Undergrad: 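First the structure, which I've put down as structure tokens, then a few questions once you've had a look.
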Amino acid sequence: MEFKDNIPIYLQIEQYLYRQIALGKMKAGEKIPSVRKLALELTVNVNTVQRALQQMNDQGILYTKRGEGNFVTEDIELLAKTKQTLIDNQLDEFVQNMAKLGVERDSLVTVLEKYLKESEE
Amino acid sequence: MSDLLQVKDLSYKKNQKMILKDVNLNLSSGKIVALLGENGAGKTTLMRIIAGVAKNYRGEVNLEGSTKEAERKAKLSFTDGLTGFSDSTKIKDVVKFYAIIFQDFDENEFTELRKFMKLDPEMKLSQLSRGMREKLIIALTFARKADLYLLDEPFGGIDAMARKKIINSIILWKEEKATILISDHFVNEISSLLDEVVVVKDHTVLEHKSADDIRQNHKSIEEYYESFYADEDDE
């Protein structure tokens with residue numbers, strides 16, 4: 001995992017974990033890897049991982065079992081909402097990038113439909 | 001987060017030449033901190049003074065209440081360039097020496113580190129590549145139980161694999177309350193690890209900032225560091 005160096009790392013770790021959860025690589029109720037293991041995997045400071053996990057605990061997407069570690073929430077609604085947020089973020093980026101290329105909002109759907117149809121053929 | 005190290009109004013001259021001037025620096029426990037600056041900026045001298053190796057400075061260096069050099073030396077672990085050993089010394093003999101000199105040196109811990117670094121205890125110092133030598137120095141440094149570790153340019157002239165090993169050993173072996181100060185003139189390789197950055201320039205500590213504060217302003221650590229040298233490109 002490569003991090004952008006101009007965005008706080010803990011935010012990027014959060015995003016990374018959100019993606020893992022949304023993609024089903026970390027499932028509802030499952031234990032996530034230990035802090036040190038994540039730190040090693042992502043080549044980041046243990047403190048930074050802890051900060052990211054703390055925030056995700058506060059948001060309810062993770063919960064801590066004393067002495068056992070961090071687990072993904074079993075709240076299906078919250079998980080669905082989290083996934084939707086990721087989708088919205090991607091769409092937001094897409095819309096902005098298209099605007100930069102001169103494709104305005106009202107022609108977006110037409111352009112996208114045309115593209116999907118052509119790429120199918 | 002208690003104050004671990006306080007450097008107050010530190011100045012140091014060598015052969016009438018000013019090396020460090022009015023340095024002030026506070027480090028708290030549990031952090032990974034980069035000490036950044038060009039070659040010759042005074043990073044190594046500052047580390048040597050903190051470590052209690054360089055003496056006759058002006059000002060005060062306080063490590064958890066200890067201001068005397070000998071006391072500080074016992075409390076912190078500093079990367080020693082293995083300069084005192086002859087080339088024919090075997091790794092295992094260096095370890096024996098460390099175990100005698102440093103009360104907090106843990107031989108079991110060293111064995112773990114040595115295996116992780118893939119070093120053979122029977123090897124002589126003369127047989128070690130630059131990367132292996134640096135890995136040995138790091139293993140010896142981390143095998144001590146200290147609250148402050150000073151790593152002086154651990155990545156100088158070594159290959160990517162050795163660098164990765166050293167970075168991983170930092171992540172794996174750093175205890176929660178220990179602080180690690182790493183000097184370097186190139187920040188990219190360690191920037192994702194850092195809690196704080198200290199910039200040394202013009203013989204003093206110019207700035208000390210949290211890595212997240214820098215990134216919060218959408219600046220990379222590298223851009224931040226380079227901004228101190230921006231004006232010099234025109235010369």
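Labels below follow one simple rule: chain letters A, B, ... track the order of the sequence lines, proteins then strands, and each chain is numbered from 1. Quick caveat, the model's predicted, so the values are computed rather than measured.
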Undergrad: To the nearest 0.5 Å, how far apart are OG in B:S191 and CD1 in A:I9?
TA: 6.5 Å
Undergrad: Look at atom NZ of B:K145 and say whether more than 12 heavy atoms of other residues, nucleotides or ligands are closer to it than 6.0 Å.
TA: yes
Undergrad: Need one label for A:V46: side chain, backbone, both or neither, based on atoms under 4.5 Å from any heavy atom in chain B.
TA: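 Contact with chain B is through the side chain of A:V46 alone.
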Undergrad: Considering heavy atoms only, which positions within residues 209-222 of chain B lie below 4.5 Å of chain A?
TA: B:D212, B:R215, B:Q216, B:H218, B:K219, B:S220, B:I221, B:E222
Undergrad: In terms of heavy-atom contacts, does CD of A:E68 have more than 12 from other residues, nucleotides or ligands at under 6.0 Å?
TA: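 Counting other residues, nucleotides and ligands, CD of A:E68 exceeds 12 neighbours.
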Undergrad: Are the side chains of B:K164 and A:T43 in contact, using a 4.5 Å heavy-atom criterion?
TA: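 Yes - at least one pair of side-chain heavy atoms lies under 4.5 Å apart.
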Undergrad: Tell me, do A:L40 and B:N168 make a side-chain contact under 4.5 Å, heavy atoms counted?
TA: yes
Undergrad: Tell me, out of A:R51, A:R36, A:K4, who's got the most heavy-atom pairs with chain B below 4.5 Å.
TA: A:R36
Undergrad: Once you round to the nearest 0.5 Å, how far does CG of B:N188 lie from CG of A:D5?
TA: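 Rounded to the nearest 0.5 Å, the CG-CG separation comes out at 7.0 Å.
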Undergrad: For atom CD of A:E30, decide whether the heavy atoms of other residues, nucleotides or ligands shown that lie under 6.0 angstrom number more than 12.
TA: yes
Undergrad: Can you tell me which of B:I167, B:D195, B:I32 forms the most heavy-atom pairs within a distance under 4.5 Å of chain A?
TA: B:D195
Undergrad: Checking B:L172 against chain A: side chain, backbone, both or neither under 4.5 Å from a heavy atom?
TA: both
Undergrad: Taking atom CD of B:E122 as the centre, report whether more than 12 heavy atoms of other residues, nucleotides or ligands fall under 6.0 Å from it.
TA: yes
